Visitor: 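One structure, as structure tokens, below. Some questions next.
Everything quoted here is computed from the prediction, not taken from an experiment. In what follows, chains carry the letters A, B, and so on, assigned in the order in which the sequence lines appear, proteins first and then strands, with residues in each chain numbered from 1.
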Amino acid sequence: MPQPAVRTRFAPSPTGYLHVGGARTALFNYLYAKTCGGKFILRIEDTDQARSTEESYHQVLDSMRWLGMSWDEGPELENQGPYGPYRQSERREIYDRYASDLVTQKKAFRCFCTQEELEKKKAQREAMGLPPVYDGKCRNLSDDEIQTKLDSGLSYAIRFRTHDTTNEVVVQDMVQGNVRFDTSLIGDFIIVKSDGFPSYNYAVVVDDHEMQITHVIRGVGHLSNTPRQIMIYNAFGWAEPAWAHVSEIVGSDHKKLSKRHGATAITAFRELGYPASAFINYMALLGWSTPDGEEYKSVAELEKIFDVSRCNKSPSMFDVFDLSKTENAELSGLSAVELEPYLFAKSKMNWLSNRHIRALDEEQFITDILPFVKEVGVVPENEVHAKDERLRSVLLSLRVYLDYYMQIRRYLPDFYTSFDPGKTWNDAAMEWVKHELFLSLAKEFLRLIQTKGNEEITQDDYKEYMNTAGKTIGAKGKNLFMNLRVAATGRTEGLELPVYLVLLGKERVIERLTRTIETAEKL
RNA sequence: GUCCCCUUCGUCUAGCGGUUAGGACUCGGGAUUUUCAUUCCCGCAACAGGGGUUCGAUUCCCCUAGGGGACGCCA
């Protein structure tokens, strides 16, 4: 008998931006569906009227799209899928229908208690050291009593009648193993709120059933809700899906991701210029490991090898910030530029991201980085173009240095703006500026370059001039090359010098050497 | 308060009764690159603590400590 096709879903509530925790849950669902050749469904859980916003809904979808986690069924698709609508707010009649079935079968009941009343009772029970469960006041109202209350226009919620039949529920979980729960500790919980909207534990069951979800992959925070959901499955006589509760992600302070870690919005990392594939790769490694131990993986490969049952139970840290810098900092709401200084430069994410950037197809790399080039603002507008040969060469030469695209702003001005030698020189550079042969080498190098007249100068030409200057002045090795490097670039580090000089262009090389000589002579 | 889950190098993790406890990032050292980065070697670094079970526990059980989650008309 063939296994039914795997169907997973990600079910965010649109009450804020998509953050790393949610995105990773989405990713696990997405990857698991891909690996199994199944379907990935996106469902919006917007039953909280007070907190759900349209803006958040768009942000979440936007982040999903950027990450490339395309859904097979869900909102904003030409063909949304056979089990829609995929926004819970549009599925009211479905929940109503099933809820009245439950009420008719006495598996659920109307509760007329007011919120104030319930809060008071809860406080009392807590004071007495009792578990804060519903006391069952409306549990056994007679039909007449109910009708009277209904007639007088009292509003009501619908509660599920728990622990009538069993007193233990076992959650069989692909990650957590078998977890037992005592249902006597679970009170009759609300399935339909007095505003008529379904509550989470109820809507999620109805939808997962209706949408034929086979595997529920979500954060372990939902584990203790699962017995309630299983009770509902049982009440309807429906088969449970397979459960997989994956570990939570914590911040650098070992606390669960929260507002304090506002910088964990997915959009922040897009703005910083991490390739989506790198971010995916990094997130996949949080709580999961590849079977072969290799950590650098393309998305295509992850889509072939992901298996939820390899997930571990312990929480993992989203460790991309420098703890010493973030200690007293409020990271939420910062722009990418403001956020960048707080990043830990040598994080595993940066390492992975650098590898992803270097593995990119050339055209893709240029396309991806161009918006960031434009943002830097130093490249003349008519040259910010994928076809511009010089820009291409500069970008392609620099790519090995980049962990994320926004870093291009550190390097680009060097190629596109005139420089002030006095300011560029740091301590290391000054060591060479003061070198006894610095000026004579710079002058001789400049003279040789100028002999070329209007002709282009190639890398080989530069190499020749460097060697010639060395012989004429009597310098070689480090003394030759470092002096010339500092003379032409103002820095002690950077690209291979002939490559760099060709990228710079003859005019700028001459200008720089000239200014360097002027400045050095005044010292 | 009650219930549930978690705890392996600083970090991400492998491990599923017998391993010199493995890998990756970071860090330190070296080689290559007449610079930096890359690349390549080498090294530092961990089973939270205490009891059991067992010939033998990182692994199984119990307790303690620490962390997280749930007990909502939030999801």
Visitor: Is there a donor and acceptor pair closer than 3.5 Å between the side chain of A/Lys346 and the base of B/C25?
Guide: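 Counting by modelled atom types and ignoring angles, no donor-acceptor contact under 3.5 Å is found here.
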Visitor: In the structure shown, which nucleotide is the Watson-Crick or G-U wobble counterpart of B/U11, with both distances under 3.5 Å?
Guide: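 B/A24 - that is the nucleotide pairing with B/U11, both distances being under 3.5 Å.
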Visitor: Applying a 4.0 Å non-hydrogen cut-off, can you work out what A/Leu286 is touching in the nucleic acid: base, sugar-phosphate, or nothing?
Guide: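 Answer is sugar-phosphate: A/Leu286 comes under 4.0 Å of backbone atoms only.
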Visitor: Using purine N1 to pyrimidine N3 plus N6-O4 or O6-N4 for Watson-Crick, or N1-O2 and O6-N3 for G-U wobble, both under 3.5 Å, which nucleotide pairs with B/C36?
Guide: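 Across any shown strand, B/C36 pairs with none.
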Visitor: Could you check whether A/Thr492 gets within reach of a base, just the sugar-phosphate, or nothing at all, counting any heavy atom under 4.0 Å?
Guide: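 Answer is base: heavy atoms of A/Thr492 come under 4.0 Å of a base.
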Visitor: Of the nucleotides B/C12, B/A75, B/A37, which one has an atom closest to the side chain of A/Ser13?
Guide: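 Among the listed nucleotides, the one closest to the side chain of A/Ser13 is B/A75.
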Visitor: Can you say whether a donor on the side chain of A/Tyr282 sits under 3.5 Å from an acceptor on the base of B/C12, or the other way round?
Guide: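 Looking at the base of B/C12, it does not pair with any donor or acceptor on the side chain of A/Tyr282 (distance under 3.5 Å).
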Visitor: Base, sugar-phosphate alone, or nothing: which one does A/Ser347 contact when heavy atoms must sit under 4.0 Å apart?
Guide: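 Here A/Ser347 touches the backbone only, sparing every base.
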Visitor: Out of B/A70, B/C25, B/G68, which has the shortest distance to the side chain of A/Lys348?
Guide: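 Output: B/C25.
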Visitor: Taking the inter-plane angle between the rings of A/Tyr200 and A/His222 on a 0 to 90° scale, is it parallel (under 30°), tilted (30 to 60°) or perpendicular (over 60°)?
Guide: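 A/Tyr200 and A/His222: tilted rings.
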Visitor: Any donor-acceptor pair under 3.5 Å between the side chain of A/Glu295 and the base of B/G23?
Guide: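 Such a pair exists between side chain and base.
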Visitor: Tell me if the side-chain of A/Ser314 makes a donor-acceptor pair with the base of B/C6, cut-off 3.5 Å, by modelled atom types.
Guide: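 No pair found.
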Visitor: With a 3.5 Å limit on both atom pairs, tell me what B/C55 is paired to, counting Watson-Crick and G-U wobble, or say none.
Guide: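 B/G18 is the nucleotide pairing with B/C55.
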Visitor: Find which nucleotide of RNA chain B each of A/Gln176 and A/Ser316 is nearest to by heavy atoms, and output the residue with the more 5' nucleotide.
Guide: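 On the 5' side of the pair lies A/Gln176.
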Visitor: Under a plain distance cut-off of 3.5 Å, with no hydrogens placed, do A/Asp403 and A/Tyr274 share a side-chain donor-acceptor pair?
Guide: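 On atom types as modelled, these side chains do not qualify, holding no pair under 3.5 Å.
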Visitor: Need one value for A/Lys476: base, sugar-phosphate or nothing, where a base atom within 4.0 Å counts as base even if backbone is also close, heavy atoms only.
Guide: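 Touches nothing.
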Visitor: Classify A/Thr47 by what it touches in the nucleic acid, base, sugar-phosphate, or nothing, heavy-atom distance under 4.0 Å.
Guide: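 The residue A/Thr47 makes sugar-phosphate contact but no base contact.
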Visitor: Closest nucleotide of RNA chain B for A/Asn225 versus for A/Arg485: which of these residues is on the 5' side?
Guide: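 Comparing both residues, the 5'-ward one is A/Arg485.
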Visitor: Should we say atom CD of A/Glu93 is surrounded by more than 12 heavy atoms from elsewhere, each under 6.0 Å from it?
Guide: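 Not buried by this count: 12 neighbours or fewer within 6.0 Å.
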Visitor: Within a reach of under 6.0 Å around CZ of A/Arg97, are more than 12 heavy atoms found that belong to other residues, nucleotides or ligands?
Guide: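 Buried by this count: over 12 neighbours within 6.0 Å.
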Visitor: Have a look at A/His245 and say if it touches a base, only the backbone sugar-phosphate, or nothing, with a 4.0 Å heavy-atom cut-off.
Guide: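 The residue A/His245 makes no contact with any strand.
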Visitor: NA contact type, A/Leu285, heavy-atom cut-off 4.0 Å: base, sugar-phosphate, or nothing?
Guide: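 If one applies the 4.0 Å heavy-atom cut-off, A/Leu285 turns out to touch the sugar-phosphate alone, with no base involved.
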Visitor: If you only use heavy atoms from C-beta on, which nucleotide in B/U38, B/U11, B/A24 is closest to the side chain of A/Arg358?
Guide: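 Selected nucleotide (nearest to the side chain): B/U38.
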Visitor: Just checking, is any N or O donor in the side chain of A/Arg310 or A/Ser289 under 3.5 Å from an acceptor N or O on the other one?
Guide: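 Note: A/Arg310 and A/Ser289 side chains meet the donor-acceptor criterion.
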Visitor: With the side chain of A/Glu45 defined as its heavy atoms from C-beta on, choose the nearest nucleotide among B/A75, B/C73, B/U35.
Guide: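 Taking heavy atoms from C-beta onward, the closest nucleotide is B/A75.
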Visitor: The side chain of A/Arg228 lies closest to which of these nucleotides: B/U26, B/A70, B/C12?
Guide: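 Among B/U26, B/A70, B/C12, the one nearest the side chain of A/Arg228 is B/A70.
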Visitor: Please round to the nearest 0.5 Å and tell me the distance separating atom CZ of A/Arg159 and atom CG of A/Leu102.
Guide: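 So the gap between those two atoms works out to 14.5 Å.
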Visitor: Hunt down the Watson-Crick or G-U wobble partner of B/A70, both distances under 3.5 Å, from any strand shown, or write none.
Guide: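 Pair assignment: B/A70 / B/U2.
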Visitor: By the 4.0 Å heavy-atom rule, please label A/Gly221 as base, sugar-phosphate, or nothing.
Guide: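 Here A/Gly221 touches the backbone only, sparing every base.
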Visitor: Among the nucleotides B/C73, B/C4, B/A37, which one has an atom lying closest to any side-chain atom of A/Val179?
Guide: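 It is B/C4.
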Visitor: Base, sugar-phosphate or nothing for A/Cys311? Non-hydrogen atoms, less than 4.0 Å.
Guide: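 Nothing: the residue A/Cys311, judged by heavy atoms under 4.0 Å, touches no strand.
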